[in-house]
Amino acid sequence: METRTISLRVKRQNGPDATPYWEEFAVPYKPQHNVISVLMEIRRHPVNRAGSPTMPVVWEASCLEEVCGACTMLVNGRVRQACTALVDKLTQPITLEPMTKFPVIRDLMVDRSRMFEALKKARAWVPIDGTYDLGPGPRLGSRDQEFGYALSRCMTCGCCLEVCPQYNAHSPFMGAATMAQVVLFNLHPTGAMNKDERLTVMMGEGGIPDCGNAQNCVEVCPKEIPLTTAIGELGRQTTLKAFRDLLGR
């Protein structure tokens with residue numbers, strides 16, 4: 001009786017400047033496998049489909065429950081988290097590729113530093129000069145709480161940037177994830193103290209003027225963050241600031 005296997009086709013690359021190549025694997029089938037657990041099986045037994053020993057596939061993962069975003073890759077051509085990609089629901093052979101909008105470090109592992117640099121550029125934080133007991137924080141209305149919670153679910157996975165036609169190596173565009181975080185911090189009364197600084201950044205190069213409104217981002221977000229709503233709100237805020245700046249001269 002033929003042993004049931006899971007067929008995998010992995011796009012590999014030995015380093016940032018190396019030539020990519022494809023390698024196929026056949027992993028013994030077990031129920032409830034996801035893509036990460038299959039890659040773990042290959043790591044335990046690094047042998048390709050031809051039976052030749054090979055190097056284990058390099059990939060990233062942390063939480064294994066779609067919270068950290070580290071395991072984001074292209075699974076059968078669709079950007080998603082590998083930890084929640086269930087083998088039984090995927091067409092085989094399962095094709096795995098690294099995201100295309102970020103530099104490849106090795107195999108399925110990419111360098112997403114650009115995302116974090118964008119967050120720093122946009123000042124997506126609340127600066128403090130120490131920790132003190134200042135009593136209860138400012139209150140938020142229920143509508144703002146719900147909107148803020150939705151925006152706070154971003155895990156910087158990069159899905160929205162992978163499908164964005166404006167985000168590429170030739171464009172300074174910061175992307176939907178950063179813009180949504182700017183709206184989140186501007187929403188909170190404490191964060192609003194630095195609102196103008198963030199809006200100034202978002203009105204410049206790589207900010208809201210570079211958004212092409214393709215709306216692909218909201219379609220692929222694994223956390224169903226209302227990214228287009230956030231971008232629309234950011235557009236409203238930057239427009240109001242532009243008028244304030246003009247009239248205040």
Side-chain angles (χ1 to χ4, degrees), residues 16 69-70 72-74 77-81 97-105 110-127 144 147-188 191-249:
T72 306
M73 62 182 71
L74 298 182
R78 175 192 167 198
V79 65
R80 60 181 301 180
Q81 282 66 57
E97 301 170 79
M99 286 192 286
T100 63
K101 298 297 180 74
F102 302 97
V104 174
I105 297 174
V110 298
D111 180 3
R112 290 179 294 165
S113 298
R114 181 177 168 185
M115 291 190 72
F116 300 101
E117 292 301 320
L119 290 171
K120 289 193 286 185
K121 181 179 179 181
R123 303 177 184 272
W125 66 80
V126 176
D144 287 345
F147 187 41
Y149 176 71
L151 298 178
S152 72
R153 298 182 70 202
C154 178
M155 53 188 177
T156 325
C157 66
C159 285
C160 58
L161 306 180
E162 177 66 25
V163 299
C164 177
Q166 304 300 115
Y167 191 89
N168 54 66
H170 308 291
S171 167
F173 184 47
M174 287 181 270
T178 299
M179 292 195 286
Q181 292 307 293
V182 167
V183 173
L184 170 63
F185 281 94
N186 288 352
L187 181 68
H188 195 277
M193 291 189 293
N194 302 93
K195 181 176 180 178
D196 271 8
E197 295 177 28
R198 298 189 194 97
L199 293 181
T200 297
V201 173
M202 298 313 296
M203 291 166 69
E205 185 181 58
I208 191 75
D210 290 344
C211 177
N213 199 30
Q215 302 187 26
N216 293 344
C217 53
V218 74
E219 295 294 330
V220 300
C221 178
K223 294 301 179 183
E224 299 182 346
I225 297 171
L227 292 170
T228 48
T229 302
I231 293 169
E233 172 57 24
L234 183 60
R236 186 188 72 83
Q237 292 180 17
T238 52
T239 300
L240 289 175
K241 175 173 167 50
F243 277 118
R244 287 195 303 269
D245 293 347
L246 180 65
L247 297 175
R249 289 178 180 176

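Counting from 1, the numbers follow the sequence of the chain as shown.
When all heavy atoms of Gly204 and Pro209 are compared, the pair lying nearest together is O-CD, 3.9 Å. Taking all atoms of both residues into account, the shortest heavy-atom contact from Cys164 to Phe173 is SG-CE2, 3.7 Å. Considering every non-hydrogen atom in both Thr228 and Cys217, the closest pair reads CG2-SG, 4.5 Å. Nearest heavy atoms, Met99 versus Cys157: CE-O, 3.5 Å.
Side-chain atoms of Gln166 do not come within 3.5 Å of backbone N or O of Gly175 as any donor-acceptor pair. Using modelled atom types, no side-chain atom of Lys241 and backbone atom of Lys195 make a donor-acceptor pair closer than 3.5 Å. Checking side-chain atoms of Gln215 against main-chain N and O of Leu227 turns up no donor-acceptor pair under 3.5 Å.
A 4.5 Å side-chain heavy-atom check between Thr178 and Met115 finds every atom pair outside the cut-off. Two residues are said to be in side-chain contact when any heavy atoms from C-beta on lie closer than 4.5 Å; Val126 and His188 fail this criterion. Using a 4.5 Å heavy-atom threshold, the side chains of Asn194 and Arg123 count as separate. Proximity of Phe147 to Val183: side-chain heavy atoms (C-beta onward) are separated by under 4.5 Å at one or more points. Leu161 places none of its side-chain heavy atoms less than 4.5 Å from the side chain of Arg114. In this structure the side chain of Leu199 reaches within 4.5 angstrom of the side chain of Asn186, judged on heavy atoms. A 4.5 Å side-chain heavy-atom check between Gln237 and Arg198 finds every atom pair outside the cut-off. With a 4.5 Å cut-off on side-chain heavy atoms, Glu233 and Leu187 do not count as touching.
Surrounding CD of Glu205 are at most 12 heavy atoms belonging to other residues, nucleotides or ligands under 6.0 Å away.
At a threshold of 4.0 Å, the pair Lys120-Glu117 counts as salt-bridged, since one of the basic side-chain nitrogens sits closer than that to a carboxylate oxygen.
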- Message: As a quick check of understanding, evaluate side chain to side chain contact (heavy atoms under 4.5 Å, CB included) for Thr72 and Met155, giving each step before the final call.
- Response: CA-CA 11 Å; Thr72 306; Met155 53 188 177; 5.8 Å; no

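Lys101 contributes atom NZ, which lies 9.5 Å from atom OG of Ser171 (distance to the nearest 0.5 angstrom). Rounded to the nearest 0.5 Å, atoms CD (Glu162) and CG (Leu74) are 5.0 Å apart. Taken to the nearest 0.5 Å, the SG atom of Cys159 stands 10.5 Å off from the NZ atom of Lys223. Distance check: Leu184 CG to Arg153 CZ gives 13.0 Å after rounding to the nearest 0.5 Å. Taking OG of Ser152 as the reference point, atom CD1 of Ile225 lies at 8.0 Å (rounded to 0.5 Å). If you take CD1 on Ile231 and OG1 on Thr238, they are separated by 11.5 Å, rounding to the nearest 0.5 Å.
Ring geometry, Phe102 versus Tyr167: the interplanar angle falls from 30° to 60°, so the pair is classed tilted.
No option in Ile208, Asp210, Val201, Val182 other than Val201 meets the side chain to side chain contact (heavy atoms under 4.5 Å, CB included) test with Met174.
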